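First comes the structure, then the notes that go with it.
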Amino acid sequence: MQARSKAEWREQVLSGRRALDSGVRAAEDQALAELVTVGVAADSVVCAYVPTALEPGSVDLLDALVGIVRRVLVPVTRGPGPLFWSEYTGARQLVDAPYGLLEPTGAVLDPEEIRTAEIVFVPALAVDRRGVRLGRGAGFYDRTLGLATPQTRLITVVRDEELVAELPEDPHDVRMGWALTPGSGLVRLGEDVESVPGRNAAE
């Protein structure tokens, strides 16, 4: 059987997200907001993102982080290239931006600001057990994640069925160390798969 291409995977995942029942979506978003702070240090800097209509999570996820960490940074797009950053302090400061995104109105920080973050939450359409992430294909995160320090924890946020056995991988792809899903919580990716105690589908 021929393996699916990235384009085929994207079509499948987006189709599933569009067909998702609104009640299920709301429950999953609430679960992610409750789980996102697991393992996050109180005085840390975190890079996250403002979820779009077809991405798991909501601004409640960001608000949960703001409640415990020193600073939450979210992306600001400036055309092809790595992402810039701005501090998220609440939904009221978000405005419409290119690519259908919402961005803060505050000061814009250089792409290298990602190096101050202990954790980076990364959007994805899917991720596999090895840590291979499937993005939208624009390449913003491929150009950005290489600027993070080797110690930075890269956590991708997906629905439970979007954590899969294997995805196609390109040489430039940056592997994730963890996945956050509404049903299983924080799941370690790589050779040894485990979930962080406190929220596990097997409990």
Side-chain angles (χ1 to χ4, degrees), residues 6-7 9-11 13-37 40 45-117 119-127 133-148 154-159 162 174 176 180 182:
K6 284 188 173 184
W9 272 107
R10 290 185 181 110
E11 181 179 356
V13 173
L14 287 170
S15 177
R17 288 184 178 182
R18 292 188 187 101
L20 187 64
D21 176 81
S22 59
V24 173
R25 166 68 188 262
E28 291 184 353
D29 289 351
Q30 180 179 351
L32 289 170
E34 294 171 354
L35 292 164
V36 71
T37 57
V40 177
V45 175
V46 172
C47 287
Y49 61 94
V50 183
T52 67
L54 287 179
E55 288 175 336
S58 68
V59 292
D60 290 344
L61 182 151
L62 296 173
D63 292 338
L65 288 169
V66 168
I68 68 164
V69 303
R70 177 158 47 96
R71 188 166 64 152
V72 176
L73 303 176
V74 295
V76 174
T77 54
R78 288 291 184 268
L83 294 164
F84 289 72
W85 303 95
S86 186
E87 186 170 359
Y88 173 86
T89 57
R92 290 185 177 182
Q93 69 158 162
L94 298 175
V95 297
D96 292 334
Y99 306 100
L101 302 176
L102 293 173
E103 296 176 355
T105 56
V108 177
L109 307 172
D110 288 339
E112 289 76 15
E113 196 70 19
I114 195 176
R115 295 186 63 82
T116 68
I119 295 175
V120 180
F121 289 96
V122 185
L125 292 176
V127 67
R133 167 185 167 269
L134 179 70
R136 290 293 191 100
F140 285 111
Y141 277 92
D142 292 329
R143 301 182 185 99
T144 301
L145 295 175
L147 300 175
L154 303 180
I155 303 174
T156 193
V157 183
V158 293
R159 302 185 62 239
E162 295 164 359
V174 178
M176 303 292 102
L180 179 68

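Quick caveat, the model's predicted, so the values are computed rather than measured.
In this structure, W85 CH2 and T144 OG1 are separated by 6.5 Å, a value rounded to the nearest 0.5 Å. How far OG1 of T77 is from CZ of F84: 10.0 Å, rounded to the nearest 0.5 Å. Between R115 atom CZ and D110 atom CG the span is 13.0 Å, to the nearest 0.5 Å. Atom CG in L102 sits 5.5 Å away from atom CG in D96 (nearest 0.5 Å). With rounding to the nearest 0.5 Å, the separation of CD1 in I114 from CG in L154 is 7.5 Å. With values rounded to the nearest 0.5 angstrom, E113 atom CD is found 9.5 Å from E87 atom CD.
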task = Evaluate the criterion side-chain contact (heavy atoms from CB on, under 4.5 Å) for residue pair L62 and Y49; output intermediate values, then yes/no.
result = CA-CA 8 Å; L62 296 173; Y49 61 94; over 6 Å; no
side-chain contact (heavy atoms from CB on, under 4.5 Å) between V127 and V122, worked out = CA-CA 11 Å; V127 67; V122 185; over 6 Å; no
query = Which is it for L125 and R17 under the side-chain contact (heavy atoms from CB on, under 4.5 Å) test, yes or no, and what are the steps along the way?
reply = CA-CA 9 Å; L125 292 176; R17 288 184 178 182; 3.6 Å; yes
inquiry  = D29 vs D60, test: side-chain contact (heavy atoms from CB on, under 4.5 Å). Steps then yes/no.
reply    = CA-CA 8 Å; D29 289 351; D60 290 344; over 6 Å; no
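No hydrogens or angles considered: nothing links the side chains of S86 and E103 as a donor-acceptor pair under 3.5 Å.
Closest approach of L73 and L109 over heavy atoms only: CD2-CD1, 3.9 Å. Contact detail for A48 and V72: the closest heavy-atom pair is CB-CG1, 4.3 Å. Between E34 and T37 the shortest heavy-atom distance is O-OG1, 4.1 Å. Taking every heavy atom of both residues into account, V50 and E55 meet most closely at O-OE1, 4.0 Å. Of all heavy-atom pairs between D63 and G90, the closest is OD1-CA, 4.4 Å. A pairwise comparison of heavy atoms in R25 and G57 identifies NH2-O, 3.3 Å as the closest pair.
A heavy-atom distance below 4.5 Å is found between the side chains of V59 and L94. F121 is listed as a side-chain neighbour of L65, based on a closest heavy-atom distance under 4.5 Å. Between L145 and M176 there is a side-chain heavy-atom pair separated by less than 4.5 Å. Between R133 and V174, the closest side-chain pair of non-hydrogen atoms is not below 4.5 Å. Between P104 and V74 the shortest side-chain heavy-atom distance falls below 4.5 Å. Considering only heavy atoms from C-beta on, P51 stays 4.5 Å or farther from L61 through its side chain.
E11 CD: 12 or fewer foreign heavy atoms inside a 6.0 Å radius.
Remark: the backbone N or O of R10 is not paired with any side-chain donor or acceptor of R136 at under 3.5 angstrom.
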